[in-house]
Q: 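Structure provided below as structure tokens; questions to follow.
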Amino acid sequence: PFERVAWTPRPPQGPPQDCFACIAKPPALRQGSPVLSPSSAVYLMESKSCKGDSLRPAVPCKHSVEKKTMTNPTTVIEIYPDTTEVNDYYLWSIFNFVYLNFCCLGFIALAYSLKVRDKKLLNDLNGAVEDAKTARLFNITSSALATFCIILIFIFLRYPLTDY
């Protein structure tokens, strides 16, 4: 049917640059596009698996116009110090406040533990570390003094002072 048909290579066109939408979804054939004559179809023929692709008219990318008008959005990521490493001694403070509240030291430890949690939320790492050290000190003191008093009470209950 084509007497003087020769395979001529098509100029390298490549996919549209920077437009994934156009690469992923090629434009459909336009309705009402002119029918190509055999002589003009020679230039458009390629060795493709789909014959319809070689006869598609070139359609400019509509996304390139949108990209030019759109400003490049920037993403800002704020990196805060890792506050999860600061221990607030909250459970220890509650235990000392409820069971071993020697001279209100358990209450003071609980107050400092809550301050540590607040400063961690505000990303004040230095203040949280200082308050955590203070809460730990009050927890140790309250636990040690309350334990010492409990041991003394058991000793005096076992060996009353009347025996001496």
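Keep in mind the model is a prediction, meaning the values are calculated, not measured.
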Q: Any salt bridge (charged side-chain N to carboxylate O under 4.0 Å, His left out) involving residues 105-117? Give me the pairs, sequence neighbours left out, ordered by first then second residue.
A: Asp88-Arg117
Q: Is Val98 reachable from Phe107 through a run of hydrophobic residues whose side-chain heavy atoms are each under 4.5 Å from the next?
A: yes
Q: When rounded to the nearest 0.5 angstrom, what distance separates CD in Glu130 from CG in Asp124?
A: 10.0 Å
Q: Under 4.5 Å between side-chain heavy atoms, counting indirect links through other Ile/Leu/Val/Met/Phe/Trp/Tyr residues: same cluster for Phe156 and Phe148 or not?
A: yes
Q: Provide the closest heavy-atom pair for Leu100 versus Ala146 in the form atom of the first, atom of the second, distance.
A: CB-CB, 3.5 Å
Q: In Å, rounded to the nearest 0.5 Å, how long is the span from SG of Cys103 to CD1 of Ile108?
A: 9.5 Å
Q: Looking at every non-hydrogen atom in both residues, tell me the closest pair between Tyr90 and Leu114 and how far apart they are.
A: CE1-CD2, 3.4 Å
Q: Kindly assign one of parallel, tilted or perpendicular to the pair Tyr112 and Phe138, based on the angle between their ring planes and the thresholds 30° and 60°.
A: parallel
Q: When hydrophobic residues are tied together by side-chain contacts of less than 4.5 Å, even through go-betweens, does Leu157 share a cluster with Leu161?
A: no
Q: Any idea which heavy atoms bring Ala128 and Lys120 closest together, and the distance?
A: CB-CG, 4.1 Å
Q: My understanding is that only residues two or more places apart in sequence, or in another chain, count here; which of them pass side-chain hydrogen bond (donor to acceptor under 3.5 Å, both in side chains) with Asn139?
A: Ser93, Asn96
Q: Measuring from Trp92:CH2 to Asn87:CG, what's the distance to the nearest 0.5 Å?
A: 9.5 Å
Q: In terms of hydrophobic clustering (I, L, V, M, F, W, Y; side-chain heavy atoms under 4.5 Å; direct or indirect links), are Leu105 and Ile151 co-clustered?
A: no
Q: Quick one: OH on Tyr89 to OG1 on Thr134, what's the gap to the nearest 0.5 Å?
A: 11.0 Å
Q: Is the backbone N or O of Ala135 less than 3.5 Å from a side-chain atom of Ser113, with the two atoms forming a donor-acceptor pair by type?
A: no
Q: Kindly indicate whether the side chain of Ser143, heavy atoms from C-beta on, has any atom under 4.5 Å from the side chain of Phe102.
A: no
Q: Please round to the nearest 0.5 Å and tell me the distance separating atom OG1 of Thr141 and atom CG of Leu145.
A: 6.5 Å
